[in-house]
Amino acid sequence: MTLAYDVAGSGPTVVLLHSTVCDRRMWDPQVQPLVDAGFRMVRADFRGFGETPMPDRPYSDAQDVVDLLDRVGAERVAVVAASGGGRVGQEVAARWPARVTALVLVSTAAGGHEPGAELRAFGEREDALLAAGDVEAATELNLSTWLGPHADEATRARVGRMQRHAFEVQLAGDVDVEPIRTEFDVADITAPALLVSGAHDLPDFGRIAADLAGRLPRARHVTLDWAGHLPSVERPEVFNALLVEFLRRGDA
């Protein structure tokens, strides 16, 4: 399967991997600033999100990303990845370290993380709402959980459309296919890394970022005191300045 994707600009390639609350449209506010800064931007929808259909056989998100990079002729890239996409970004950087020049992980998830009480309660509530067929309530739960205080109504509506669409696509799938989880070691990551977390996010994600910042080479952890789980959509102008500065500097 080919992931739905788009490319803009020219220069060093930056691949954007979306949160599982959203799809590739979450990066709309980053596209033009990256192009203006002299980068080539590639973004894609994971399977079951945005314009990419549900899988019909076992698959690997990380392998999908590498296949896409081959398709667009991007041998070496900077990876910018959010939330659930952050785990995919870590896998790409660990299994194909020579291909990743820099790694930005925003409110990243992590394989093997034991959820805290708040995150477990969220997951249980979401599962219950979806089992009852209440997609609207499940969408509202995600908006209230993941968006911080600086998200305006237009941002809430945009994220809501992406999350609702993902639920509808995934619930309509005829085949229950699990992704292939390939073990990897973050110690194999060689790229400089920037870990971004939000002070208004669930505490799990700040802990994950702090742990990774202590384990990755040339890593820096920045906590944004105004942000929830999705700072790139909550205050894109602030996030973009941080992102472009890191990518231009080329180290942490």
Side-chain angles (χ1 to χ4, degrees), residues 1-7 15-28 30-31 41-72 79-92 95 105-113 115 119 122-143 145-147 156-184 205 229-230 232-233:
M1 178 187 294
T2 300
L3 304 182
Y5 70 95
D6 54 272
V7 180
V15 61
L16 304 171
L17 306 179
H18 63 79
S19 161
T20 52
V21 182
C22 303
D23 55 46
R24 78 184 194 271
R25 292 174 292 175
M26 74 170 283
W27 301 113
D28 285 352
Q30 281 69 56
V31 172
M41 181 285 310
V42 178
R43 58 179 177 167
D45 291 327
F46 293 128
R47 301 191 194 215
F49 293 87
E51 296 179 308
T52 303
M54 288 288 288
D56 59 2
R57 66 199 68 187
Y59 67 99
S60 163
D61 285 316
Q63 186 64 60
D64 283 347
V65 171
V66 171
D67 291 345
L68 173 63
L69 298 181
D70 291 342
R71 183 181 183 89
V72 300
V79 175
V80 180
S83 190
R87 187 198 177 281
V88 180
Q90 292 168 54
E91 183 176 345
V92 171
R95 293 178 58 198
L105 298 172
V106 185
S107 308
T108 187
H113 173 72
L119 187 55
F122 162 80
E124 291 166 1
R125 180 60 178 156
E126 183 186 59
D127 287 346
L129 290 170
L130 293 175
D134 197 342
V135 170
E136 286 302 319
T139 300
E140 286 301 317
L141 173 67
N142 275 270
L143 294 178
T145 301
W146 302 124
L147 286 174
R156 287 179 58 84
R158 189 160 65 88
V159 174
R161 286 192 294 272
M162 289 185 279
Q163 176 66 95
R164 190 179 300 106
H165 176 73
F167 283 149
E168 290 168 352
V169 170
Q170 292 160 19
L171 290 170
D174 294 328
V175 182
D176 186 14
V177 178
E178 291 294 323
I180 299 168
R181 296 295 190 190
T182 302
E183 293 298 320
F184 63 91
F205 298 96
H229 192 67
L230 299 169
S232 64
V233 302

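Since this is a predicted model, take the numbers as computed values, not measurements.
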Worksheet entry | CA sep, side-chain torsions, deciding dist, call: R156, E140, salt bridge (Lys or Arg N to Asp or Glu O under 4.0 Å) | CA-CA 9 Å; R156 287 179 58 84; E140 286 301 317; 3.5 Å; yes
Worksheet item: Is V80 close to R43 at the side-chain level, that is, under 4.5 Å between some pair of heavy atoms?
Response: no
Using modelled atom types and a 3.5 Å cut-off, is there a donor and acceptor pairing between side-chain atoms of [X] and backbone atoms of [Y]?
X	Y	answer
Q90	G86	yes
R25	R158	no
H18	F46	yes

Discussion item. If only side-chain N and O atoms count, and only distance matters, is there a donor-acceptor pair under 3.5 Å linking H229 with S83?
Written reply: yes
Item to complete: Could you tell me which residues satisfy salt bridge (charged side-chain N to carboxylate O under 4.0 Å, His left out) with D61, sequence neighbours excluded, listed by chain and number?
Response: none
Worksheet item: Mind checking what makes salt bridge (charged side-chain N to carboxylate O under 4.0 Å, His left out) contact with R24, not counting sequence neighbours?
Response: D6, D45, E51
Worksheet item: What heavy-atom pair brings A4 and T52 nearest, and what distance separates the two atoms?
Response: N-OG1, 2.9 Å
Worksheet item: Taking only residues two or more places apart in sequence, or in another chain, which ones meet F122 in a ring-ring contact (aromatic ring centres under 6.0 Å, His included)?
Response: W146
Worksheet entry | R87 and E91: CA distance, side-chain angles, deciding distance, salt bridge (Lys or Arg N to Asp or Glu O under 4.0 Å) verdict | CA-CA 6 Å; R87 187 198 177 281; E91 183 176 345; 3.3 Å; yes
Practice prompt. Give the C-alpha distance, both sets of side-chain angles, the deciding distance and a yes or no for side chain to side chain contact (heavy atoms under 4.5 Å, CB included) between R164 and R161.
Written response: CA-CA 5 Å; R164 190 179 300 106; R161 286 192 294 272; 4.2 Å; yes
